Number of protein chains: 2
Amino acid sequence: MNSKPTLFTCLSPSLLHLYEVSKSIVVVIDVLRATSTIATALYNGARCVIPVDSVSRCITLGKQIDGITAGERDGKIAEGLQYGNSSFEYPKEFIDNKTLVLTTTNGTRLLHMALEKGAGEIITGSFPNLSAVCDHLVEKNMPVILGCAAWKDRINIEDTLFAGAVISRIKDHFSINCDASHIAETMYTEAKDDMFEFMKTNNASHYHRLMNFGLEDDIRYCLTPDSANILPEYIEGKLVVQS
Amino acid sequence: MNSKPTLFTCLSPSLLHLYEVSKSIVVVIDVLRATSTIATALYNGARCVIPVDSVSRCITLGKQIDGITAGERDGKIAEGLQYGNSSFEYPKEFIDNKTLVLTTTNGTRLLHMALEKGAGEIITGSFPNLSAVCDHLVEKNMPVILGCAAWKDRINIEDTLFAGAVISRIKDHFSINCDASHIAETMYTEAKDDMFEFMKTNNASHYHRLMNFGLEDDIRYCLTPDSANILPEYIEGKLVVQS
């Protein structure tokens with residue numbers, strides 16, 4: 001008898017309908033850079049992070065709750081917002097005890113989709129909080145969907161790599177009948193010794209996009225495990241640290 | 001100036017809307033086993049293969065045109081049809097000069113989707129006709145979408161591997177800004193020395209499904225390049241050999 005919970009990897013929000021979201025923990029993965037920045041801001045003491053799907057909503061909410069507004073469009077701080085998407089903008093001395101209202105496109109959209117489909121629990125995952133995610137999933141012993149935010153629904157390498165990293169660590173605790181998961185794990189196994197170099201060699205579209213904005217340090221940070229090792233959980237509209 | 005045509009890999013029919021189908025050659029890929037069997041039947045002299053999406057349509061059409069009807073459901077010849085999905089059922093002495101009406105679920109559905117979206121050209125790809133596909137794509141010098149039929153929209157390993165095989169051969173002729181293509185190529189590079197073993201080791205869902213039906217020889221055949229090296233093109237409702 002196999003009593004292990006299932007684990008599936010959903011490589012694009014356009015595939016989310018294939019999975020039983022309502023019974024599962026959904027891990028929202030947006031490695032470059034939303035979920036990495038979320039983990040970092042919370043690790044550095046932010047009271048909470050509120051993900052919103054548009055610049056105008058970010059501005060409005062920021063005013064209403066006196067929060068820090070942040071988000072980029074085409075590699076620049078969006079007009080009307082205060083800060084960008086880089087983890088480096090949110091050190092402890094700045095973000096501690098503040099509320100961050102963050103607008104991102106792909107990650108926020110997937111999070112809201114998971115919410116609408118009645119996910120059992122929604123957490124965010126990124127390399128900076130890899131171990132916290134893995135520990136939590138093993139401990140909860142519930143069905144898991146690793147949800148890659150992708151890029152405008154197109155599968156991307158970095159979110160796939162993070163899914164693979166999680167799988168390589170926790171697969172013994174789950175029943176995995178899912179080719180996408182095996183693909184993700186194979187990719188991670190290939191890449192793990194130098195993920196930055198792997199992204200470069202494989203012409204990852206995000207690698208080029210962010211390098212063109214001069215963000216090599218950002219990419220390297222977002223591929224480094226456990227530098228902001230907390231667990232963000234989405235509760236009543238906010239991402240907060242779950243202990 | 002980059003004058004090479006684009007190449008994209010669509011890992012599931014649910015992602016087809018992301019690509020500009022109308023300007024492209026769409027390669028329908030259903031390695032286990034529809035497109036392998038289509039290549040084989042045509043290679044062995046079938047006048048044409050007509051893909052249909054249901055058993056009842058297969059029966060009706062088979063009677064109307066006096067064709068061979070074929071298709072499986074749950075690993076057995078579907079009720080009312082004459083033959084199954086195995087390439088081994090269609091040797092030259094049987095299929096030569098006959099018309100095969102084949103019902104498959106995933107491959108036929110993707111083909112019809114590509115047709116509805118106005119694909120510039122639709123061909124089918126499988127390892128048995130790998131070289132013919134590659135040669136054709138290079139020669140045509142048009143935008144390409146490698147369309148994996150997947151399994152009920154879930155990404156599968158074997159169709160991804162075939163996409164990767166094509167990419168590894170023809171990438172120098174195309175502009176590839178598509179992470180899914182790089183994922184497919186990485187998978188193929190990992191698997192190519194022994195794809196059967198790779199499918200087994202990685203717990204490919206179709207591997208297990210077909211092995212449970214006693215179809216190891218079928219799997220091995222479907223992973224062998226160029227044993228039925230013709231080019232099936234979909235023209236006016238029929239797959240015919242394109243020379």
Side-chain angles (χ1 to χ4, degrees), chain A residues 6-20 31-32 145 148-161 163-164 167-168 171 174-192 195 198-209 212, chain B residues 6-20 31-32 145 148-161 163-164 167-168 171 174-192 195 198-209 212:
Chain A
T6 57
L7 182 150
F8 291 97
T9 301
C10 174
L11 292 178
S12 161
S14 271
L15 300 172
L16 193 63
H17 64 281
L18 300 172
Y19 304 96
E20 285 201 69
V31 164
L32 293 175
I145 295 169
C148 299
W151 176 251
K152 297 179 180 174
D153 280 326
R154 291 193 187 186
I155 291 165
N156 71 35
I157 290 180
E158 64 274 15
D159 294 346
T160 305
L161 289 178
I167 292 161
S168 75
K171 61 185 174 185
F174 291 86
S175 167
I176 307 181
N177 180 17
C178 166
D179 281 16
S181 295
H182 301 306
I183 289 171
E185 193 191 357
T186 299
M187 292 293 290
Y188 175 69
T189 303
E190 275 305 288
K192 66 182 175 187
M195 286 189 284
F198 184 86
M199 296 274 287
K200 184 179 173 183
T201 308
N202 281 276
N203 278 308
S205 50
H206 254 116
Y207 170 87
H208 286 293
R209 192 169 159 274
N212 286 341
Chain B
T6 58
L7 182 150
F8 292 97
T9 301
C10 174
L11 292 177
S12 159
S14 272
L15 300 172
L16 192 62
H17 64 282
L18 300 173
Y19 304 97
E20 284 201 71
V31 164
L32 293 175
I145 296 168
C148 299
W151 176 251
K152 296 179 183 175
D153 282 325
R154 290 193 188 186
I155 291 165
N156 71 35
I157 289 179
E158 65 274 16
D159 294 345
T160 304
L161 289 178
I167 292 161
S168 75
K171 62 185 173 184
F174 291 85
S175 166
I176 307 180
N177 181 15
C178 165
D179 282 16
S181 295
H182 301 305
I183 289 171
E185 193 190 357
T186 299
M187 292 294 289
Y188 175 69
T189 303
E190 274 307 286
K192 65 182 176 186
M195 286 191 283
F198 184 86
M199 296 274 287
K200 184 179 174 183
T201 308
N202 281 277
N203 278 308
S205 49
H206 254 114
Y207 170 88
H208 286 293
R209 191 169 160 273
N212 287 340

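Bear in mind that the values here come from a model prediction, so they are computed numbers and not experimental data. Side chains included, hydrogens not; waters and symmetry mates left out as well; all remaining heavy atoms used. Each chain gets a letter, A, B and so on, in the order its sequence line appears, and its residues count up from 1.
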Distance in Å, B:H182 NE2 paired with A:F198 CZ, rounded so as to fall on 0.5 Å steps
10.0 Å
Which atoms of A:S12 approach chain B - backbone, side chain, both or neither, heavy atom under 4.5 Å:
side chain
Roughly how far, to the nearest 0.5 Å, is CD1 of A:I155 from SG of B:C178?
8.5 Å
If you round to the nearest 0.5 Å, how far is CZ of B:R154 from CG of A:L15?
10.0 Å
State, with a plain yes or no, whether a side-chain heavy atom of A:I157 is found less than 4.5 Å away from one of B:T186.
no
Report the residues that fulfil side-chain contact (heavy atoms from CB on, under 4.5 Å) with B:S205, sequence neighbours left out, ordered by chain and then residue number.
A:N177, A:D179
Does any heavy atom of chain A fall under 4.5 Å from the side chain of B:I176, the backbone, both, or neither of them?
neither
Honestly, the part of B:T160 sitting under 4.5 Å from a heavy atom of chain A is side chain
Which bit of B:H17 is near chain A, if near means a heavy-atom gap under 4.5 Å: side chain, backbone, both or neither?
side chain
Pairing residues for B:E185 by the side chain to side chain donor-acceptor pair (under 3.5 Å) criterion, not counting sequence neighbours:
B:K171
